[in-house]
Amino acid sequence: MADGVLPAALTVAFLLLLGTISAAHGQLQTGFYSDSCPGAEDIVTAAVQEAAASDATILPALVRLQFHDCFVRGCDASVLITSAGSAAEVNNNKHQGLRGLDVVDRAKAELEEQCPGVVSCADIIALAARDAIAMTNGPSFEVPTGRRDGLSSNVRDADVLPDVSDSIQVLRSKFAASGLNDRDLVLLTAAHTIGTTACFFVKDRLYSYPLPGGRTGSDPSIPAAFLSELKARCAPGDFNTRVPLDRGSQGTFDDSILRNIRAGLVPIASDAALEASNATGALVGAYLGAASSSFAQDFVGAMIKMGAIGAITGDAGEIRDECSAFNTN
């Protein structure tokens with residue numbers, strides 16, 4: 001797995017998986033643009049590579065962008081709309097710090113030059129996330145395409161997104177509502193193997209965690225040395241300094257995030273919460289033990305499954321001219 005490419009045996013397994021996804025979701029299939037826009041995937045890859053050459057932190061941001069798109073109304077690019085003003089979904093506080101929209105816009109502009117009116121913004125998001133994973137030494141994989149862009153973007157729709165303070169029960173419920181199970185929850189959380197988070201999302205665990213007797217303080221589940229480390233990085237009132245989501249391995253896709261979750265060495269509460277359930281905790285343990293060899297394969301399966309949530313295909317929706325605005329015709 002060191003080179004980020006799935007072995008041949010796993011490739012066969014994925015062809016079977018992708019066939020299942022295609023059958024279940026109509027026109028959602030690998031190679032959807034092979035005739036209508038043969039260079040589509042290469043154009044998206046080039047846009048991601050160009051962005052990453054000047055700022056490697058855009059790679060985890062693109063993975064996050066797909067999650068935020070798919071978890072709200074399905075994978076329909078509703079999160080990219082800015083033309084609706086303050087009522088647009090992207091303005092929900094749950095999307096705070098969301099990046100990568102400009103990368104999608106640049107890819108879309110080039111695609112419109114080459115194949116006008118063919119490639120959806122929703123597919124660009126999915127392809128860009130796929131490329132971002134591969135560029136951080138993660139698995140390379142095929143993404144089913146054929147999504148169309150949605151016709152709605154409402155700020156309150158994003159209220160359904162998971163929050164860093166959600167309990168494991170709430171997380172499991174939110175994932176289940178999107179058709180995702182406990183295994184998907186663990187694997188998609190493992191996407192935090194790359195990237196950083198702002199102290200804003202950590203501060204409550206450090207300074208205002210509810211304690212017995214109505215007191216507040218630090219989350220007692222954080223190991224003492226790691227607590228000191230986090231407090232040194234995130235002083236009271238500092239909301240903007242960034243800390244690694246995967247301590248010691250923030251730039252490389254690997255299973256280190258699971259080791260850190262098991263050891264309590266993760267900064268945000270929702271990651272740590274996986275150990276609070278026997279079901280999710282057992283899955284973390286399995287991927288660190290007997291199932292370790294299937295981690296990359298299963299992660300790809302979870303990404304593909306998430307990428308099919310609420311996908312619009314066929315004649316529904318539209319192919320936007322610009323990703324930030326609905327078509328006017």
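Since this is a predicted model, take the numbers as computed values, not measurements. Numbers here are sequence positions counted from 1.
- Between Leu180 atom CG and Leu171 atom CG the span is 12.0 Å, to the nearest 0.5 Å.
- The residues Glu41 and Arg130 are annotated as salt-bridged, a charged nitrogen and a carboxylate oxygen being separated by less than 4.0 angstrom.
- Here the closest non-hydrogen pair linking Cys37 and Leu111 is SG-CD2, 4.2 Å.
- In this structure, Asp149 and Ile312 have side chains that are not in contact, with every pair of non-hydrogen atoms separated by 4.5 Å or more.
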Would you sort out whether Lys203 and Leu206 count as a side-chain contact (heavy atoms from CB on, under 4.5 Å), showing the intermediate values?
CA-CA 5 Å; Lys203 62 182 177 60; Leu206 303 183; 5.7 Å; no
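- Atom CZ of residue Phe71 and atom CG of residue Leu188 lie 8.5 Å apart, to the nearest 0.5 angstrom.
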Can you list the steps and then say if Glu89 with Ser78 is a side chain to side chain donor-acceptor pair (under 3.5 Å)?
CA-CA 7 Å; Glu89 177 199 319; Ser78 57; 2.5 Å; yes
Which is it for Asp271 and Thr189 under the side chain to side chain donor-acceptor pair (under 3.5 Å) test, yes or no, and what are the steps along the way?
CA-CA 7 Å; Asp271 286 2; Thr189 297; 4.8 Å; no
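- Residues Ser249 and Ile257 have side chains not in contact (no heavy-atom distance under 4.5 Å, counting atoms from C-beta outward).
- One side chain, Asp246 or Ser256, offers a donor N or O that lies under 3.5 Å from an acceptor on the other.
- Leu258 CG to Glu275 CD: the interatomic distance, rounded to the nearest 0.5 Å, is 9.5 Å.
- Not one N or O on the side chain of Asp182 forms a donor-acceptor pair closer than 3.5 Å with the backbone of Ala279.
- If you take CG on Leu101 and NZ on Lys108, they are separated by 14.5 Å, rounding to the nearest 0.5 Å.
- Shown here is Glu113, whose CD atom has no more than 12 heavy atoms of other residues, nucleotides or ligands within 6.0 Å.
- Shown here is Glu110, whose CD atom has more than 12 heavy atoms of other residues, nucleotides or ligands within 6.0 Å.
- Taking the side chain as every heavy atom from C-beta outward, Ser294 and Tyr287 approach each other to under 4.5 Å.
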